[in-house]
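Okay, so here's the structure we're looking at.
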Amino acid sequence: MWTQFLIQFWILLVIALGAAVLLGRYIGTYFAPVGDRKIDSFGKVERRFLLVLGVDERKQDQSWVGYSKSLLLVNLLFFVGGYLLLRFQGSLPLNPNEAVNLDWSTALHTTISFMTNTDQQHYSGEALSYLSQTFVLGTMLFVAPTMAFTVCMAVIRGLANKPLGNFYADFVRFIVRILLPISFVFGLAMILFGVPQTFGGAVSVTTLEGAKQLIYRGPVAAFEVIKQLGNNGGGFFGANGAHPFENPNQYVNFIQMFLMLLIPMSLPIAYGKIIGSAKQGRLFLGVMTILFVMMTFGMAGSLFANPTAHGQELRFGQIGTALYSSITTAAETGAVNAMHDSLHPLAGLIQLGNMMLNVVYGGTGAGFLNVLLYAFVAVFLTGLLIGRTPTFLGKKLETFEVKLMAITLLVPPFLILVGTAVSMYVAPGVGAISNPGYHGLSQVLYEFTSATANNGSGFEGLGDASVYWNISTSFALFFGRYIPLILMLAIAGSLKAKPAVPQDEFSFKTDTPLFGTVFLGTVVLVGALTFLPVLVLGPVADWLTM
Amino acid sequence: MKQAIRVTVFITALCGIVFPALLTLFGQLLVPDKAAGSLLQQNGKFIGSELIAQPFTSEQYFHGRPSAVDQLAGASAGDNLAASNPEFITKINEQQEQFKEDGRSLPDDARVTSGSGFDPHISLDYARAQVNRIATERDLSPDAVRRLIDKEAGNNQYVNVLMLNLALDRSQS
C-alpha cells in the first residue's frame, strides 16, 4: 500500500509542481505591474477589448480603496443577480427536472457561499435547474476565485513598490487568459474519460430486474473542471466528487487533484517573478510543500491503518481517497470523493488542520495572501527578538500594518470558535448534530472551519439545511472571505506609500532557509496555539474513545 | 458603475453561456455516448448507465454495495455515520449476522455504505463470496461464474456489478 501510495503521490507532486512553475512564470509575466509588462499579440486584442468595456488600464490605476470598491461592487452585482435567479429558478428556462424555487435562506447562503469561493452546500445538487447550475453557479465558479486572485496580484505589486493596478483589467484578464483556456482543455479531457456534458434531463431506465430507475445527469463536465481549477468545490450532485458522474474513474480523479493544486502552487512563483526575487518565491513554495507532504502522509497513515470502504468508492481505493481528501482541504477546494464524516477521526483531524492553517497552498489567491500574512508576522516576531524595526522587502512594518495584521490573523479563529461555541449552546445548533459524542463537536467545528476557510466540504451528517445554519454560516463565509481580502489590500496600499529602507548586511533577509524555518515555525505555532484545545475535544477525543 | 456592469455582463456571457455551450458541442461531436451519461441500451430501451449502480435483489444476480439512498429515485448521498457512532457499529454487526453466503465473514465493502450511494463496483472478495449462490440459482458451474468475474474485472481489484450481471445474462442466452 505504502509503495503504491509513494509512487502515485510522487508522480502527482512532480507533475503539479512542474506545471505550476510554468504557469507561475506566465502569471508573473502577464500580471506584472503595467509599466513592466510584456505585451504579446493577444495583449493587444485584450487591450482593445478592455477599452470597449470602458477600462483603460494605463490611465486608470487604482488606489487600494478604489480597488476594493470596484471589487465589492462587482461582487454585489453577482450577489443580487444570483440570489434572484435562484429564488425564481422554478419559472425560468432550462429546467427539465422541474426543480422548485429555493427558499430565501438557502438562496442567500448558496449565493454567498459560491461568491466567496467556498461552495458550502445546504441543498442537494439534484434540486437545482440547469440554468442555476450552469449560468448562475457556473459563472460564479469562475468569478469567485478571481476575486482573491486579483487582490493577491495587487498586494504583490504593492510589495514590489509598483502601482496596484486596475481591478477590472485583472478580473477579465485572469478569466480570459488562465481560467477559460485551462478549463476548456481539461473539461474536454473529462468528457473523454466519461464525465457527462448534456442539457438532456434525467433519464428513466428499466433495470435488469424490471424496476424504473431515474438517472440524473446534466452539464457536469463544464461545472466540474472549473470547480477544481478555481478551488471552488461545490458539487453538481449531492454526493459531490464521490458521484460516479462527477468522478468516474482514477484518471478523472488524478486530473481533479492536479487541477486543485495547480494555481495555488503557481502563485509563489508568480510572486517571486513580480518582486524580482525568484529565490523568495521558491522558498515559500518549498515551505508550503513541506507542510503539504507532512499532512498528506498523516492522512494516508490514518486511512491505511484503519482501512474501510465506508463512505468511500471502490474505484479510488484507500490511496485515491487519502490523496484527494488531503488535497481538497489543503488547497481549500472542498470537493470530496469520500464522505469525510465517515472517515477515521484522525483523517478528520488532518482535514481540520489543513483548513485551520489555510496556507498549505490554500485556495486560489487567498492561500498565498495568508502566506504573506504569516510572513509579515514572522518578520514582526524576529524584529521583536533582535530589537530592530521589522522590514519586509525593504518596507517597515509599523503600528498601522501590525494592527491590521493582528485583525486579519484573528478573524478566522474568532469566526470558527465563536460560531462553534454558540452553535453548541443553542437548540437549532445542537439539534443538527447527527453523530453522538465527541464526533458531534467535530461536525459543528468542521462546518464553521470549512465556511471560514473558503473550503466548503463538510461533515455532511450535520442537518444544516435550516435557517439557523444558513444564516450563521453565512456570517462565517462572508467575513472570513472579505475582511482578509480588504485588510491585505490596505496593508499593501500603506506599505507602497512608504519609502524603501536601504538593505544592509544587518537587515534580516527573507529569502534564506533561516527565514523559511522561522516562517514554518510561525505558521505551526500560531495555528497550534489557537486551535489545539478544540481539536483535542473534537477529533482527538473521538479517536481516543473509539 | 458603468464599468462594473459591463464587465459583469461580459464575463457572465463568456463563462455562463459560451463556455458550457462550447464544451457541450465538442462533447457531442467527439463522444456523444459518454457525454450523454454512458447509457446502456438493450432492444432499443435504456437499461441503465455503466457508471451508476442499480439495485439488485434477485438471487440470480450479483448484489451491489449497500446504499444510503433509494437508488431508483436518483438523488445521491452517503450515510454520514461516524466510525464511532453506536448506530453504525450495531448496523454492521447485524449485517454480518444476516449473511449466509459460504459461512465466511462478510467483506468490508458488502457491509458499509458507499460515498455516493451509487458506487457501481464491488470488491473481488464480495463478488467471489456470491459465486455459489448464483451458480446454484442459474444452474451454472461455479468455475464459469468465477471466470466471468475475472474477465469483467480485468486488472482491477473491483468489478462493475451491472456489467457483470449483463455478462451473466448474455452467457445464458
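Order of the sequence lines fixes the chain letters, A, B, ..., with proteins taken first and strands second; residue numbering starts at 1 for each chain.
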Before giving the answer on side chain to side chain donor-acceptor pair (under 3.5 Å), spell out for A/His310 and B/Asp109 the whole-Å C-alpha distance, their side-chain angles and the decisive distance to 0.1 Å. CA-CA 7 Å; A/His310 185 209; B/Asp109 64 307; over 6 Å; no
Under 3.5 Å, which donor-acceptor pairs do the side chains of residues 152-160 of chain B form with other protein atoms, sequence neighbours left out?
from	atom 1	to	atom 2	distance (Å)
B/Asn160	OD1	B/Leu162	N	3.1
B/Asn160	OD1	B/Met163	N	3.2
B/Asn160	ND2	B/Glu50	O	2.8

Would A/Glu313 and B/Ser116 count as a side chain to side chain donor-acceptor pair (under 3.5 Å) here? Give the steps. CA-CA 8 Å; A/Glu313 303 275 303; B/Ser116 63; 2.9 Å; yes
Side chains of [X] and [Y], heavy atoms from C-beta outward: is any pair under 4.5 Å?
X        : Y        : result
B/Ile17  : A/Phe135 : yes
A/Pro196 : B/Lys34  : no
B/Pro86  : A/Pro436 : yes

Contact part of [X] toward chain A, heavy-atom cut-off under 4.5 Å: side chain, backbone, both or neither?
X       : result
B/Ala68 : neither
B/Arg65 : side chain
B/Phe56 : both

Side-chain donor/acceptor pairs under 3.5 Å, residues 19-26 of chain B, sequence neighbours excluded:
from	atom 1	to	atom 2	distance (Å)
B/Thr24	OG1	A/Gln197	NE2	2.9
B/Thr24	OG1	B/Pro20	O	2.5

Closest approach of [X] to [Y] (non-hydrogen atoms, all atoms of both residues):
X        : Y        : answer
A/Ile191 : B/Ala35  : CG2-CB, 4.1 Å
A/His439 : B/Ser84  : CB-OG, 3.9 Å
B/Gly78  : A/Met339 : CA-CG, 4.0 Å

One pair to check against side chain to side chain donor-acceptor pair (under 3.5 Å): B/Gln3 and A/Ser70. What are the steps and the verdict? CA-CA 9 Å; B/Gln3 285 175 326; A/Ser70 304; 5.8 Å; no
At what distance, to the nearest 0.5 angstrom, does CD1 of B/Ile11 lie from OG1 of A/Thr146? 7.5 Å
Check: B/Asn85 main-chain N/O paired with A/Asn435 side-chain donor or acceptor under 3.5 Å: no
Donor + acceptor pair across side chains of B/Gln54, A/Glu209 (<3.5 Å): no
Can you check whether A/Phe49 and B/Phe10 have ring centres sitting under 6.0 Å from each other? yes
